[in-house]
There are 2 protein chains.
Amino acid sequence: MTQHDLDPQTQPATHDRPTDARAEAFQGVREARSRELAEDYVELIAELIHDHGEARPVDIAARLGVKVPTVSKTLDRLAREGLITRAKYRSVFLTDDGRSLAKECRRRHEIVLRFLISLGLDPETAERDAEGIEHHVSERTLALFSAFVSRS
Amino acid sequence: MTQHDLDPQTQPATHDRPTDARAEAFQGVREARSRELAEDYVELIAELIHDHGEARPVDIAARLGVKVPTVSKTLDRLAREGLITRAKYRSVFLTDDGRSLAKECRRRHEIVLRFLISLGLDPETAERDAEGIEHHVSERTLALFSAFVSRS
DNA sequence: ACTGATTGTTAGCAATGTCTAACTTTATGC
DNA sequence: GCATAAAGTTAGACATTGCTAACAATCAGT
């Protein structure tokens with residue numbers, strides 16, 4: 001028995017399967033993290049279009065609290081990923097995929113927000129927390145949150 | 001009135017104050033995001049030390065589902081930030097700061113986890129969701145979560 | 001329609017986090 | 001105690017996300 005006989009990798013591992021449930025969980029979280037920004041953008045773009053008829057980089061930047069060039073670069077990525085379309089010096093539009101992602105995000109956001117408020121949290125803190133939490137709740141948890149809101 | 005008169009920056013803004021509450025919320029989330037990895041590491045290191053007497057990069061890597069060189073580089077950052085100490089080719093130790101951060105993380109993790117389970121979530125999903133959520137809950141929300149668990 | 005203000009883009013820098021490949025050190029087992 | 005296996009480090013690549021500075025395009029008001 002080796003000196004440091006922890007669980008991982010005691011057997012060779014056929015190819016690359018996750019070592020334990022913990023690793024899977026963290027990989028999930030990492031995945032979520034890389035999606036978060038895209039979700040924030042898409043959600044915000046949908047909102048801007050809804051409220052003001054268009055989504056301009058300058059407004060996106062103001063709402064997110066970052067500089068315009070940062071937005072520009074990130075929008076390039078979103079376009080590459082097929083979530084938005086854009087033309088130079090023009091405002092931004094959502095693709096079908098982008099729209100459906102936005103809708104999905106909005107739904108999650110609303111459920112989390114209403115849940116936190118139902119729990120008794122003040123609306124400002126609820127908004128802040130919802131912003132962070134919404135990207136990390138499973139469908140199962142959302143269902144429970146919804147149920148809680150309905151029944152309260 | 002300009003064509004696109006959205007709320008931001010209607011007045012010049014004395015120096016750099018956040019444009020709206022939304023921007024503040026996002027900045028908070030970005031802050032949280034940059035802390036998340038450090039928190040995950042520190043929490044895991046504490047756990048490894050507790051369970052096995054030491055925290056080795058190879059075990060950290062296995063638990064997080066990343067490669068050892070990634071861990072090595074991140075540990076350098078944590079050391080730079082004063083959360084851990086390390087000597088070449090040796091395992092890792094927490095500083096006082098690291099220990100207290102780990103404790104704090106563990107506390108949040110436990111509260112979130114117990115809360116989700118109290119709500120009726122299965123333990124596996126609860127664990128996954130808690131992993132993502134724990135970095136984004138305010139103290140106020142934690143208090144409500146705790147209260148809910150107690151009273152259920 | 002010109003001019004100046006606003007908006008958007010591009011280029012270039014820095015930090016982070018991921019990887020692989022190559023190398024070094026430490027540990028294990030005979 | 002030596003050879004091999006396991007663990008750790010370093011270097012270098014790449015993507016992402018932030019920034020500033022410089023430049024380009026569009027818009028607004030006269």
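Convention: sequence-line order gives letters A, B, ...; per-chain numbering from 1. Treat the numbers as computed from the prediction; the structure is a model and nothing was measured.
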Rounded to whole angstrom units, what separation is found between the [atom1] atom of [X] and the [atom2] atom of [N]?
X	N	atom1	atom2	value
A/Arg30	D/dA15	CZ	C1'	15 Å
B/Asp40	C/dT18	CG	P	10 Å
A/His52	C/dT7	NE2	P	13 Å
A/Tyr89	C/dG8	OH	P	10 Å
A/Arg35	D/dT16	CZ	P	15 Å
B/Lys67	D/dA7	NZ	P	14 Å
A/Ile60	D/dG18	CD1	P	13 Å
B/Glu31	C/dT16	CD	P	13 Å

query: What residues in residues 74-86 of chain A put a non-hydrogen atom under 4.0 Å from any atom of DNA chain D?
result: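 Heavy-atom contacts with DNA chain D come from A/Arg77, A/Arg80.
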query: Any chance the side chains of A/Glu104 and A/His109 put a donor and an acceptor closer than 3.5 Å?
result: no
Could I get the full list of side chain to side chain contact (heavy atoms under 4.5 Å, CB included) partners for [X], not counting sequence neighbours?
X	result
B/Ile49	B/Ile45, B/Ala55
A/Asp122	A/Glu124, A/Thr125, B/Arg140
B/Leu101	B/Glu39, B/Val42, B/Leu83, B/Cys105

- prompt: At what distance, to the nearest 0.5 angstrom, does CG of B/Leu121 lie from OG1 of A/Thr141?
  reply: 4.0 Å
message: Can you tell me how far apart CZ (B/Arg106) and NE2 (B/His50) are? Round to the nearest 0.5 Å.
response: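 So the gap between those two atoms works out to 8.5 Å.
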First of B/Pro57 and A/Leu37 reached from the 5' end of DNA chain D, by closest nucleotide: B/Pro57
Residue mapping more 5' on DNA chain D - nearest nucleotide basis, A/Val68 or B/Pro69: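 So the residue in question is B/Pro69.
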field: Short side-chain to backbone donor-acceptor contact, B/Gln27 and A/Gly65, under 3.5 Å
entry: yes
Closest listed nucleotide, where the reference is the side chain of [X] and the choices are [options]:
X	options	result
B/Tyr41	C/dT25, D/dC19, C/dT18	C/dT18
A/Thr70	D/dT26, D/dC19, C/dG8	D/dC19
A/Arg90	D/dT10, C/dG17, D/dT26	D/dT26

Less than 3.5 Å apart, which donor and acceptor atoms pair up between the side chains of residues 68-76 of chain A and the rest of the protein, not counting sequence neighbours?
residue : atom : partner : partner atom : Å
A/Thr74 : OG1  : A/Thr70 : O            : 3.1
A/Asp76 : OD1  : A/Arg86 : NH1          : 2.6

hbond_proxy B/Lys73 side chain to D/dT9 base (donor-acceptor, 3.5 Å cutoff):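 Under the 3.5 Å cut-off, the side chain and the base do not form any donor-acceptor pair.
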query: For D/dA7, does either OP1 or OP2 sit under 4.0 Å from a side-chain N or O belonging to B/Lys88?
result: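 No, no such contact exists.
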query: Is there a side-chain polar atom (N or O) of A/Ser72 under 4.0 Å from OP1 or OP2 of C/dG8?
result: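 So the side chain of A/Ser72 is outside the cut-off, no N or O lying under 4.0 Å from OP1 or OP2 of C/dG8.
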field: Residues A/Arg22 and B/Glu47 bridged, charged N to O under 4.0 Å
entry: yes
field: Check ion pair B/Glu36-B/Arg33 (N to O, under 4.0 angstrom)
entry: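 B/Arg33 and B/Glu36: not salt-bridged.
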Protein N or O to nucleotides 1-6 of chain D N or O, pairs below 3.5 Å:
none

